[in-house]
Amino acid sequence: MKHFNVTGLCMPDQDYMADISKKIADVRAMADAGEYFAINRARQYGKTTVLRALKDSLYSDYIVAGISFEGTGGIFFSDETKFCIGFDSLFAKSLRFSSANERDLRQWNEYEIRTEDFLKLSEKITSFCTGRKVVLMIDEVDQASNNQVFLQFLGMLREKYLARKAAEDHTFHSVILAGVYDVKNMKLRMIEKGYASVENREVRYNSPWNIAADFNVDLSFSDKEISFMLAEYEADHHIGMNISKTSSVIWDYTRGYPFLVSKICKEIDEKGLGWDCEGVQKAVKAILMEKNPLFDDITYHLENDEKLCSFLYELLILGQEKYYERGNATVDLAAAFGFIRNQSGCAVIDNRIFEIKAANYFISKNQENPNKIKITGVLAEDVIHGGCFNMELALYKFCEHYRQLYAQIGNRKFLEEHGRILFLTYLKPLINGRGFYHIESRTSTQKRMDLVVDYGVQQFIIELKLWYGEKKHEDAYEQLWEYLDSQNALEGYLLTFDFRKQKNECAEWINYKGKRIMDVVV
């Protein structure tokens, strides 16, 4: 019986998998064209599974050698001789386990060339590739990202590639690298980290992998691709799942991030949570409470990269507009780790689960810092009755405490910058246990964001914004109405932070184009 796999390579005869056949065809087209390229995607994004499926697709027409730098250790990259001998060994092992023709392995091993340096390794590759179409795949190239010897290896591949185009050498038909970081910028990163130096006025951006074609294949799962996986499950278990609706809800939380999709499905399957909207929500809630390598990676980068942490805080919590400008080191890192995606030229958090995880991190930091001002004194029992959450009452109580806090500290700048985190810190303990929220970061000069709170079967849509005048406030009604309409919701909440000395505080329901909006100004 198949299962949902979240721990490594997925195999179609053992695991429930999304339909990635179109992706594999697109990647294969690049290999068929003889292109050299790198598959750079975030951790647990299915890169290894894609390489495995690509191998299977190529076997009938190519000699395919697939190696991985995972577990090779530092000695492997310590000098040129050890790397060349190690590569020789890994290449031979790959042929032994993957080549359809054992003669290829024998011929690789029988060449009387000792590969103790790149010149000899290059000669061996030339001899082996003469009269053959050989595809080389290297997984986990990040293991070599801080090693000068690996740059030399890439430089050798580049020179052979260029010589082949001039009909002056034989080499690999296609070379495919896979890892998190962009190999094209590896040299620059190494120089900046002190692992390499600039010699003889060498250009800092002169990458040994500048021959690589751009890799634009989307490896995230579409709604349709997720449906294929759920259809396989339904065929085995006959539970009467609404496949289209369930796949849509899963995509809505994950935007097709492969690990998160499989993790939700695994959680539902193993804990019997139900293959519906409520079951998906329960699975998401459970996943957010656990430790796993992906979440550990997020926390690690937020803890250890101050610029990245500030970038995400300003984007997610302050609602600031951030351009998706590749070449900006912070944007590049956030994209490489899968934290952000490009939406019409602006950066937005990649998916709802990452939004929740990052927001929870910032809230926890706000709570543990003794210098941060907090809103306290409201208990869950005050706003929860009969298993239902009273958002109207919760907002009234927030306003009361916020007014007191503003009167006490009078620090407009602090409250203007951190009013949102104060509200989230206030809200989180009230919904813990049965509910959770996610922030949909927006890209507008009004610094607004939408907060969606799920509490059991209840859902509340709240827009948080700063006061920018009556006209902007009226515009906010229209913006919230559009969002409510897109979600088929009848009512929503508009919470506005107003820092004028003379302001009109209010908390009232209004009717706007058939939708009820609770207008709260503090």
Side-chain contact test, heavy atoms from C-beta onward, threshold under 4.5 Å: evaluate it for Asn360 versus Phe436 and give yes or no. no

Do His473 and Asp519 have side-chain N/O donor and acceptor atoms under 3.5 Å apart? yes

Any residue meeting side chain to side chain donor-acceptor pair (under 3.5 Å) with Ser247, in chain and number order, not counting sequence neighbours: Asp223, Ser227

Are any non-hydrogen side-chain atoms of Lys365 and Glu303 less than 4.5 angstrom apart? yes

Which heavy atom in Thr330 sits nearest to a heavy atom in Leu308, and how many Å separate them? CG2-CA, 3.9 Å

Lys47 and Ala42 have their tightest heavy-atom pair at NZ-O, 2.9 Å

Would you name the heavy atoms of Met11 and Met17 that are closest together and state the gap between them? C-SD, 3.6 Å

Could you tell me whether the side chain of Ile349 reaches within less than 4.5 Å of the side chain of Leu312, counting heavy atoms only? yes

Any side-chain heavy-atom pair of Trp481 and Leu484 under 4.5 Å: no

Using the side-chain contact (heavy atoms from CB on, under 4.5 Å) definition, which of the options Leu451, Leu494, Ile517, Leu480 pairs with Ile461? Leu480

Distance, nearest 0.5 Å, that separates CG of Asp297 from CG of Leu302: 10.0 Å

Heavy-atom count around Tyr396 OH within 6.0 Å, excluding the residue itself: above 12? yes

Just by distance, do the side chain of Lys515 and the backbone of Ala489 share a donor-acceptor pair under 3.5 Å? yes

With sequence neighbours excluded, give me every ring pair (Phe, Tyr, Trp, His ring centres under 6.0 Å) pair touching residues 242-262. Tyr45-Tyr257, Tyr257-Phe354

Salt-bridged, Lys245 to Asp276, with N to O below 4.0 Å? no

Please list, chain by chain and in numerical order, all residues satisfying ring pair (Phe, Tyr, Trp, His ring centres under 6.0 Å) with Tyr233, sequence neighbours excluded. Phe4, Tyr16, His237, Trp275

I'd like to know if the side chain of Gln281 reaches the main chain of Asp454, judged simply by a donor and an acceptor atom lying under 3.5 Å from each other, with no hydrogens or angles considered. no

Within the supplied structure, the quantity of interest is the number of heavy atoms (other residues, nucleotides, ligands) at a distance under 6.0 Å from Glu482 CD; does it exceed 12? yes

Any carboxylate oxygen within less than 4.0 angstrom of a Lys/Arg side-chain nitrogen, looking at Lys513 and Glu478? yes

For His301, is there any backbone N or O sitting under 3.5 Å from a side-chain donor or acceptor partner on Asp305? no

Do any N or O atoms from the side chain of Ser57 and from the backbone of Ala53 form a donor-acceptor pair under 3.5 angstrom? no

Does a salt bridge link Arg255 with Asp350, judged by any charged N lying under 4.0 Å from a carboxylate O? no

Which distance, rounded to the nearest 0.5 Å, do you find between the CG of Asn242 and the OG of Ser248? 9.5 Å

Please indicate whether Glu306 has more than 12 foreign heavy atoms, meaning atoms of other residues, nucleotides or ligands, lying under 6.0 Å from its CD. no

Between Thr7 and Asn5, do the side chains contain an N or O donor and an N or O acceptor separated by less than 3.5 Å? yes

To the closest 0.5 Å, what do you measure between NZ (Lys224) and CD1 (Ile243)? 13.5 Å

Hey, are the side chains of Phe311 and Phe339 touching, using non-hydrogen atoms and a 4.5 Å cut-off? no

Verify, without hydrogens or angle tests, whether Glu234 (side chain) and Met241 (backbone) share a donor-acceptor contact under 3.5 angstrom. yes

Looking at Tyr483, is its backbone amide N or carbonyl O close enough to the side chain of Ser486 to form a donor-acceptor pair, meaning the two atoms are under 3.5 Å apart? yes

Quick one: pull up CD1 in Ile353 and CG in Leu294 and give me the separation to the nearest 0.5 Å. 9.0 Å

Among Ile462, Val452, Leu424, which residue satisfies the side-chain contact (heavy atoms from CB on, under 4.5 Å) criterion with Tyr437? Leu424

Rounded to the nearest 0.5 Å, what separation is found between the CG atom of Leu333 and the NZ atom of Lys307? 10.5 Å

Nearest 0.5 Å, what's the SG-NZ distance between Cys10 and Lys2? 11.0 Å

State whether a side-chain donor-acceptor pair under 3.5 Å links Tyr493 with Glu392. no

Using every non-hydrogen atom in the two residues, find where Ile176 and Ala31 come nearest and quote the distance to one decimal. CD1-CB, 4.4 Å

Given the side-chain rings of Phe398 and Phe423, with only the six-membered ring counted for Trp, is the space between their centroids under 6.0 Å? yes

What pair of heavy atoms forms the shortest contact from Val520 to Cys399, and how long is it? CG1-SG, 3.1 Å

What I want to find out is whether Asp332 reaches Arg326 closely enough, with some N-O distance under 4.0 Å, to be called a salt bridge. yes

Is the closest side-chain heavy-atom distance between Leu230 and Cys265 below 4.5 Å? yes

Apply the test side-chain contact (heavy atoms from CB on, under 4.5 Å) to residues Val331 and Tyr323: give CA-CA distance (whole Å), side-chain angles for both, the deciding distance (0.1 Å), then the verdict. CA-CA 8 Å; Val331 172; Tyr323 292 114; over 6 Å; no

Please report the closest heavy-atom contact between Leu393 and Asp382, naming both atoms and the distance. CD2-O, 3.1 Å

